[in-house]
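This report concerns only the one structure given below.
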Amino acid sequence: MLELHDITAGYDRKAPVVRNASLTVAPGEAVGLLGPSGCGKSTLARVAALLHRPESGTLLLDGEPVRHWRHRAPRDLRTAIGVVFQQPRLSADPRLRLIDLIAEPLRATGRRDEVPDRITELTPAVGLTPDLLDRRPHEVSDGQLQRACLARALVLRPRWLICDEMTAMLDASTTAALVAAVENYRAATGAGLLAVGHDQTLLRRWCDRLLHWDEVAAAGMGKLPRASGLREPSVVPPAT
Amino acid sequence: MRVSVALVGGIVLAVLLVPPLVQLDQQAVDLGAKLLPPSWSHPFGTDDLGRDLLLRCIYGLRVSLLVGVAAALTATVIGTAVGATAGALGGWVDRGVMRVVDTVASVPHLLLGIFIVAMFRPGLWPVVVSVALTHWLSTARIVRAEVLSLRSHPYIDAAVSGGASRWRVAVRHLLPAVLPQAALAAALMVPHAMWHESALSFLGLGLPTHMASLGNLIQDARGSLLAGQWWPTLFPGLFIIVPTLAIAGLAGAWRERINPRRRSELML
Amino acid sequence: MTVTDRPPVLSVRGLSVRFLMPGGRRIAAVTDAHFEVAAGECLALIGESGCGKSVLASALLGLLPSNAQSAGQARLGELDLLAADERTLTRTVRGRLIGLIPQSPAAHLTPVRTVRSQLEETVGALTDARGRTAVRSAAESAAERAAFPADHLDRHPHQLSGGLAQRAATALALVGDAPLLLADEPTTGLDRDLVDHTVDELRRHVDDGDRALLMITHDLAAAERIADRVAVMYAGRIVELANTEAFFGTPGPRHPYSRGLLDALPERAFLPIPGMPPELGDLPDGCAFAPRCEQVTDACAALPPTTSHIACHHPHVPEDLRA
């Protein structure tokens with residue numbers, strides 16, 4: 001289980017972006033988190049990915065409470081979660097060729113010898129072709145770069161995947177291809193998924209369960225108490 | 001830009017080739033030919049000991065460039081290391097380091113430079129150390145700011161999530177990103193360091209007086225200038241101004257090129 | 001639909017753009033594009049990123065980099081945009097004949113100045129309004145037309161929400177009362193409600209202002225909502241030009257690429273088109289879509305001519321016509 005309980009997080013202690021947010025993802029489950037832009041859902045995704053330390057609240061990974069974030073988090077825990085971000089241009093080091101981009105997590109964790117095998121497996125799985133692997137990010141399109149970023153997130157075989165607006169910048173066909181790649185990986189490994197986004201149609205099609213931001217967290221600037229009766233009614237009917 | 005390239009190229013060639021090719025002794029004293037105005041045999045004239053000023057200027061530029069480049073490189077290495085450490089580690093390390101930087105920066109750097117050279121016997125290396133130790137501050141600030149802005153970049157997040165250690169993030173992702181900025185800062189610092197060497201030498205605190213540095217040449221010429229002999233001051237002065245402007249021009253053009261706003265020529 | 005019978009505001013004939021890259025490589029970013037946009041009409045140019053649609057927009061605005069060569073014609077009234085010199089483009093085209101609605105309004109607005117001062121500057125540069133009160137009221141009415149709230153005029157761009165920043169940018173684009181509005185991916189990164197809202201407002205400017213709107217987007221839902229006609233671009237070519245209703249409804253798109261693109265939508269089959277688009281620097285001789293096409297035959301080795309707005313050797317034939 002990936003469990004977030006009562007998380008409050010932000011970049012300024014006086015004005016947290018996320019207030020009292022809770023959600024759980026069961027192993028193998030795909031949960032979609034739907035919310036308007038700027039609501040704080042990306043911050044919550046970073047908390048879940050061990051990239052941003054919350055001010056309060058608990059994160060449980062398979063029952064174990066997480067005590068440290070970023071570099072302080074144990075490496076095994078960090079690499080158990082694969083992350084894909086919204087903007088491929090910003091999430092790829094501009095100096096690395098795609099092959100190095102994808103292989104970097106293996107090298108960083110001292111598993112250099114697995115590089116050739118994993119690259120051979122992942123290149124077709126995310127829909128890249130071998131000739132693209134030698135290029136640098138500015139020499140490929142947004143869609144191709146995002147495919148490489150997905151391959152990087154999968155290269156360490158994570159048990160959890162967090163996709164933060166993974167397809168917001170992409171066309172319909174690339175979106176469908178990337179979602180299919182994620183689903184193939186999940187079908188093969190049983191990994192759980194937290195997909196964050198604002199496209200209701202997409203998330204409903206993609207995920208087992210759809211959560212609206214209003215159901216997950218107290219309202220943004222947070223005068224509302226946590227009593228659920230005072231929340232605004234969800235705009236989105238629960239997925240069927 | 002082209003003028004700068006030609007000038008810097010010419011200077012480097014002159015400084016590298018003239019001393020080994022021209023078998024003339026720049027220290028050769030000829031008291032019979034002292035303080036001659038410019039002529040065909042002595043294009044820049046001679047100084048008060050009858051030494052050829054053109055030759056002295058080239059040797060002087062050689063020394064000044066050596067000091068400038070060595071000091072700029074040292075300062076950049078120190079500045080990059082300090083700035084990158086502060087930016088990458090953050091927290092109390094960052095606050096402590098930047099407090100030290102602010103403190104050092106609050107002392108006028110020529111004064112601090114004089115203090116440092118005064119602790120050593122006169123020579124080339126004390127001057128390099130003095131200039132380097134007073135000039136790493138701005139590089140440290142630039143590099144720290146750059147690292148701080150990169151640290152919140154999604155690609156650093158991705159590296160952390162991929163299991164990279166602090167050290168690996170710094171060496172593999174942060175350092176390569178700040179290197180062009182640091183190299184540019186180094187190039188821009190060379191002329192500045194040359195001016196400092198000249199200033200220290202002119203004050204009599206820099207290189208030993210027998211070494212033909214540009215600052216020493218101007219210092220030596222002070223007496224003659226009052227007597228109306230202009231050439232021993234003018235030519236070494238030009239030898240400071242022209243090369244430093246050329247190097248600064250070249251570094252400026254380079255800065256335009258690595259400007260981060262400049263993206264791929266193709267807008268696809 | 002009668003809009004297409006009106007005289008076109010913009011008429012593009014055989015527009016091609018080539019980039020000359022170091023090493024003599026040539027990149028065919030746009031090839032032989034033909035289309036028209038009439039007053040009161042919206043044409044959506046759709047296609048995936050890197051298909052050349054943004055280059056096409058830059059060519060119309062004369063904003064191509066120096067290593068680009070363009071050919072063909074793009075007539076806006078009496079003026080050929082491709083032949084116009086920089087002076088004409090600056091003085092009479094940008095702002096006055098073409099209003100640009102940018103991709104990221106936050107980056108398009110000057111961060112250190114208020115919306116009002118930017119609007120007033122644009123009013124002063126583009127209109128005859130002179131004198132403080134005249135400029136002020138012209139700026140306010142421009143804001144009103146774009147539904148930008150008057151009490152937010154004295155704010156700086158970073159104090160605005162994404163939707164309001166988009167309206168501020170639209171207000172700037174409307175100041176010069178240009179006959180052609182060009183919107184380059186105006187909805188990227190906005191959430192669905194905001195997309196619908198932005199798109200509806202743009203549509204309103206087309207309907208009440210007798211303007212023509214050329215919208216470049218990869219968002220098919222936005223295109224369906226706003227456009228009268230859609231032009232589908234693939235690998236630098238416009239492969240299909242169709243009425244929006246026919247394209248998104250029945251009989252549906254006819255080019256195999258367009259069909260694949262619609263089938264990839266999550267509300268439809270959600271199946272990607274196999275493979276990836278070709279490199280614009282290394283296009284095949286025949287149909288550029290052939291390597292990914294299920295219908296491919298030997299005929300596809302030759303470049304398909306554009307007949308009745310489809311560039312395909314075997315376009316989809318609707319069921320009722322087959323019988």
Side-chain angles (χ1 to χ4, degrees), chain A residues 32 34-39 41-42 86-90 123-124 126-129 131-132 135 138-148 165 167-184 195-207 213 220 235-236, chain C residues 21 25 27 46-54 103-104 160-163 185 187-195 197 217-224 232-235 257-282 289 291-292:
Chain A
L34 193 63
S37 35
C39 73
K41 57 192 193 298
S42 292
Q86 175 175 5
Q87 296 185 327
R89 297 272 153 222
L90 299 180
T123 308
V126 297
L128 285 173
T129 48
D131 57 307
L132 292 172
R135 304 219 193 145
H138 69 269
E139 297 166 314
V140 300
S141 72
D142 279 7
Q144 290 164 339
L145 193 54
Q146 191 67 306
R147 286 169 195 261
E165 299 268 19
T167 59
M169 318 285 288
L170 306 175
D171 63 284
S173 175
T174 312
T175 298
L178 281 171
V179 168
V182 167
E183 287 310 298
N184 288 340
V196 176
H198 61 243
D199 188 336
Q200 198 190 136
T201 328
L202 171 70
L203 290 185
R204 178 162 297 162
R205 181 75 188 243
W206 183 1
C207 301
W213 183 249
V235 183
V236 184
Chain C
M21 301 307 279
R25 222 153 57 90
I27 295 198
I46 60 183
E48 55 210 297
S49 73
C51 74
K53 54 192 195 307
S54 295
Q103 177 168 10
S104 48
L160 301 174
S161 67
E185 299 272 12
T187 60
T188 300
L190 302 182
D191 52 71
R192 188 48 56 196
D193 292 345
L194 215 47
V195 167
H197 200 79
T217 186
H218 70 256
D219 185 339
L220 296 175
E224 179 176 8
V232 182
M233 209 164 170
Y234 185 74
Y257 173 65
S258 321
R259 296 187 70 78
L261 210 52
L262 286 198
D263 271 347
L265 286 172
E267 58 266 41
R268 302 194 184 202
F270 204 31
L271 287 173
I273 306 169
M276 279 186 297
E279 301 284 321
L280 293 176
D282 186 25
F289 187 64
R292 303 173 73 184

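Keep in mind the model is a prediction, meaning the values are calculated, not measured.
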Given heavy-atom pairs under 4.5 angstrom as the criterion, report whether the side chain, backbone, both or neither of [X] touches chain A.
{"X": "C:Arg268", "result": "backbone"}
{"X": "C:Leu261", "result": "both"}
{"X": "C:Ala221", "result": "neither"}

Among the listed options C:Gly275, C:Ala264, C:Pro277, C:Pro274, the residue most often paired with chain A at heavy-atom distances under 4.5 Å:
C:Ala264
Rounded at 0.5 Å granularity, tell me how far CD in A:Gln144 sits from CD in C:Glu279.
6.0 Å
Under a 4.5 Å heavy-atom cutoff, which of A:Ser141, A:Gly35, A:Gly143, A:Pro36 has the most pairs with chain C?
A:Pro36
Is there a side-chain contact between C:Leu265 and A:Arg205 in this structure, where contact means two heavy atoms from C-beta onward sitting under 4.5 Å apart?
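Of all side-chain heavy-atom pairs linking A:Arg205 with C:Leu265, none is under 4.5 Å.
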Considering only distance and modelled atom types, tabulate donor-acceptor pairs under 3.5 Å from the side chains of residues 170-182 of chain A, sequence neighbours left out.
from: A:Asp171; atom 1: OD1; to: A:Thr174; atom 2: OG1; distance (Å): 2.7
from: A:Asp171; atom 1: OD2; to: A:Ser173; atom 2: N; distance (Å): 3.2
from: A:Asp171; atom 1: OD2; to: A:Thr174; atom 2: N; distance (Å): 3.3
from: A:Asp171; atom 1: OD2; to: A:Thr174; atom 2: OG1; distance (Å): 3.4
from: A:Ser173; atom 1: OG; to: C:Ile273; atom 2: N; distance (Å): 3.1
from: A:Thr175; atom 1: OG1; to: A:Asp171; atom 2: O; distance (Å): 2.8

